[in-house]
Structure formats: C-alpha cells, structure tokens
Amino acid sequence: MKIGVISADIASESRVALTPDAVKKLRKLGFEVVIQSGAGQAAYYADELYQAAGADIANSSAEVISQSQIITTVNDLPAAATDGLTSGQIVIGMLDPYRNTQLDTYAAKGATVFAMELLPRTLSRAQNMDVLSSQANLAGYKAVLLAANEYSRPFPMFMTSAGTVKPAKVVILGVGVAGLQAIATAKRLGAVVEASDLRPAAKEQVESLGGKWLDVPMSEDEAQKAKATGGYAWTPSEQYIKDQAAVVDKALSNADIVITTAQIPGRQAPRLVHGATLAKMKAGSVLIDMAAGTGGNVEGSVPNETITTDNGVRVVGAANIPSMLAAQSSDLYANNLVNFITTLITPAHDDAATTELALNIDMDDEIQGALAVTHDSQVRLAKR
C-alpha cells in the first residue's frame, strides 16, 4: 500500500505533509511512500533525505496520485490534481472543509476525503492527531517574535545610565492554544501581558502563565451559566459583550503590542478590533492579526501585508504563520498524519509467513466518522 505526498501549489505555503522521519515510521508500518519532487524543499527537506528514508520520488502530482492509495497534503489538492483521482482513493489534509468548493468533485470521483481540522478535540485518543493545536502552538510563539521585530522599542525593562526603559505592554485577544503560547512567549521576553477571551474560564490559564486577566463585570446568574459550560457553549448577554468591548478598548488604547488569535474553523473570523479602537492606539504600536487569512479579527487588516494607519499603528496581516516555521510545523503535522493513518489500517494475515496492510475504513469510528467529508460517493459534511 502506497502513500503519496503532494507539493503545495501556493507561494505562501512552505510546509510539507510528510517529513523524512515520518516516512521512516510509515515504512516500519509496512507502507511504501512516494513524494513529489521538491515537495519538502521549502521546509529544508531535500529529495535526497526522503530517498534515504525509503521514499520514491515522482516528477509530478499526477504521477503521485496515479501511484497512491492514500494521498497526503497540507492544504486542499490543486483543482487540476483532482482529475487523476479514482474510486477508493483516500485524501488527507487540512482542507478548509466548510469553504471547500471541491467536495462534490471528490464525491463524484469516489474518493474518501478526511479533513484534519474536524478532529474531535475532546477525545483523549485523538490528541496526538490534533493539527489545529500543533500548528497554533507554533503560531502563537512566532506571532510574538513578529511583533517584536515590528516594534521600535524593546520588550523587557532595561536599567541604563541614560534612564529606565519601560517594558512593553502586550495584549492578547483570544486565549486558545495560540493565545496561551503567545502569553508565555511575551512573558519570557520581559513584557507586561494582559489577555482577554469570551470564556471567563480562561482566567486561570492566563494567570498561571503570569498574565493579567482583563476582567469584565458579570452578574451572578451569568457567571453561573458560564461556569456550567466551561465557557464554550455559553452565550453571553448583550450587556456582557458591551462591557467586554469597553474593557478591551481601554486596554488596547494603552497597549504597545496587540495580538489577535480568534479563529473558528469553517467560519469567518470574529471582528475583535474595530476602526474606532485602532484610532485610539498609540503611534508606533503594533497589531498582529493571526486571523487575517479568514476574514481578520482587525478591521482593515490585509492578508500577508503590513499596513500603517493614519495614526501610526502597524497592522500585520499574518495569514499563515505556521508556514514561517516550516521545518518544525511540518514535523509536527506529519506526526499528526501518521497517528491518524494508523487508524485506517488493520493487519491482514494471508498466511503464517506474510502480513499485509489492509484498509479499515469505518464511518462508525468516532474519529474517522468525524473527519470524513466525502465517502461512498457522497458528501458527508453537515451544513454550518
């Protein structure tokens, strides 16, 4: 059974789906691997490294697809590549399923397609397959470094003969995996860090990392509702949303660095920073919008561009931060894929001397069923 690796076809993507180490793991499981020539080059994985790990090299994506039962990719397959798919093939990647326009094509081809973003993150056995966490962790770290590079002052406090340099004030909006790593990184660099999230339950995590929680007053009844759901299924009142906006607006007005991390798979990113708030921020302050690629948390941010507002605020549209750490993010992503692929196979014993791999596609499996967006010539993805 052969697994194929397709090269990314967009300039902004440097990651590769499988690394040489991942190839070695798959070879030990009994797979053969074929990789498109140059697929790992931007992540510093040369073809020679893949060959040393036991992979074959193909000249094109079409050649990879024609040879493979399982096809791995970072993002969606190029439209031209889907022409070569045949019934029964499997495609695995971060496919942006709710905005993907090729699902009908995959279904018509008879391919089973797994979108890794749909992994049920509450399952303990799924934790080592969680691509959102593995990539967001790195993105939160790198976002702080991007901010430090754009900012015209240092992060830590300095005591010098010429005077005291005050530490940078950093505000993190959104305290998921990326936000928590951003808090930790900014603190290590010596900044004073504040953070906010719609989930009041995130307060303890923020404070455990040395950050200050931007507290929003709430009624006792609302506090109980938020606590009962852990914050995730809690629908805040209009008054709470208004009060939180006022607290955040004040914090941003005094901030040197702001990093927004809020993204919802398959949906437009929520707007956290509006133009009126941007207009109150200090000249020279920096805002990193990690959701710029999905609509943006910041009004006016542009994916993959840095703009300067009329009042001197630099807004960085960071659309694909994990790609900036392509070697490491590819390594983690490849491990996620290997762990998922192991759920798709079961050893089939032909005789006492031979063991072959056999596919075990099971839509009743809690992981496979959740990730499958097409199977048996049908689109399985529920509408959102």
Side-chain angles (χ1 to χ4, degrees), residues 1-86 88-95 111-114 116 128-129 131 134-135 138 320 322-348 353-359:
M1 190 180 300
K2 185 171 285 189
I3 295 177
V5 182
I6 298 293
S7 176
D9 70 331
I10 53 177
S12 61
E13 185 57 77
S14 298
R15 291 171 291 179
V16 62
L18 296 178
T19 60
D21 282 345
V23 170
K24 292 177 183 178
K25 294 175 184 177
L26 292 169
R27 293 281 293 165
K28 286 182 179 179
L29 290 172
F31 288 102
E32 295 179 15
V33 180
V34 57
I35 182 165
Q36 184 177 346
S37 180
Q41 193 67 46
Y44 305 100
Y45 297 115
D47 288 353
E48 292 77 15
L49 295 176
Y50 286 101
Q51 289 174 313
D56 298 325
I57 304 298
N59 292 322
S60 66
S61 60
E63 191 176 334
V64 171
I65 290 173
S66 68
Q67 295 181 31
S68 306
Q69 286 76 49
I70 299 175
I71 301 155
T72 62
T73 179
V74 176
N75 307 120
D76 197 19
L77 291 183
T82 62
D83 293 339
L85 291 173
T86 57
Q89 283 183 302
I90 295 170
V91 178
I92 306 171
M94 292 185 289
L95 305 177
T112 295
V113 176
F114 294 103
M116 294 299 294
N128 62 5
M129 311 171 200
V131 297
S134 72
Q135 304 303 291
L138 293 172
N320 186 5
S323 184
M324 299 177 185
L325 295 166
Q328 187 61 68
S329 56
S330 295
D331 188 47
L332 297 180
Y333 179 64
N335 287 337
N336 294 147
L337 292 192
V338 170
N339 291 326
F340 174 64
I341 288 169
T342 60
T343 73
L344 304 179
I345 59 171
T346 184
T354 306
T355 300
E356 292 184 358
L357 290 175
L359 285 175

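Quantities reported herein were computed from a predicted structural model and do not represent experimental measurements.
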Counterpart residues, side-chain contact (heavy atoms from CB on, under 4.5 Å), relative to [X] (two or more places apart):
X    : answer
Q41  : A46
T342 : L29
N128 : N339
S14  : A42, S323, A326

By side chain to side chain donor-acceptor pair (under 3.5 Å), which residues pair with [X], not counting sequence neighbours?
X    : value
D83  : none
Q135 : R15
Q89  : T86
S134 : N336

How far does [atom1] of [X] sit from [atom2] of [Y], to the nearest 0.5 angstrom?
X    : Y    : atom1 : atom2 : result
I70  : K2   : CD1   : NZ    : 13.0 Å
T73  : M116 : OG1   : CE    : 12.5 Å
D76  : I6   : CG    : CD1   : 11.5 Å
I341 : K25  : CD1   : NZ    : 11.5 Å
D9   : L77  : CG    : CG    : 9.0 Å

Close side-chain approach of [X] and [Y], heavy atoms under 4.5 Å:
X    : Y    : value
V91  : T82  : no
Q69  : I90  : no
P322 : L138 : no
L49  : V23  : no

Exercise. List for me each residue that meets ring-ring contact (aromatic ring centres under 6.0 Å, His included) alongside Y50, sequence neighbours excluded, and say none if there are none.
Key: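 Y50 satisfies ring-ring contact (aromatic ring centres under 6.0 Å, His included) with no residue once adjacent residues are dropped.
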Exercise. State which residues pass ring-ring contact (aromatic ring centres under 6.0 Å, His included) with F31; sequence neighbours excluded, sorted by chain then number.
Key: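 Here no residue qualifies.
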Practice problem: Start with the C-alpha distance between T19 and N335, add both sets of side-chain angles, then the distance that settles side chain to side chain contact (heavy atoms under 4.5 Å, CB included), and finish with yes or no. | Solution: CA-CA 9 Å; T19 60; N335 287 337; 5.8 Å; no
Exercise. Not counting sequence neighbours, list each pair that qualifies as a ring pair (Phe, Tyr, Trp, His ring centres under 6.0 Å) and has a residue in residues 59-79.
Key: none
Quiz prompt | Partner of V64 under side chain to side chain contact (heavy atoms under 4.5 Å, CB included), chosen from I3, V34, I35, D56 | solution =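 That would be V34.
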Quiz item: Do N320 side-chain atoms and S12 backbone N/O form a donor-acceptor pair below 3.5 Å?
Solution: yes
Where do [X] and [Y] come nearest, in terms of heavy atoms and distance?
X    : Y    : value
V16  : A43  : CG1-CB, 4.4 Å
A111 : L85  : CB-CD1, 4.4 Å
L18  : A334 : CA-CB, 3.8 Å
A8   : E13  : CB-CG, 3.6 Å
A17  : L337 : O-CD1, 3.6 Å

Quiz item: Which residue pairs satisfy the salt bridge (Lys or Arg N to Asp or Glu O under 4.0 Å) criterion with at least one member in residues 330-346, sequence neighbours excluded?
Solution: none
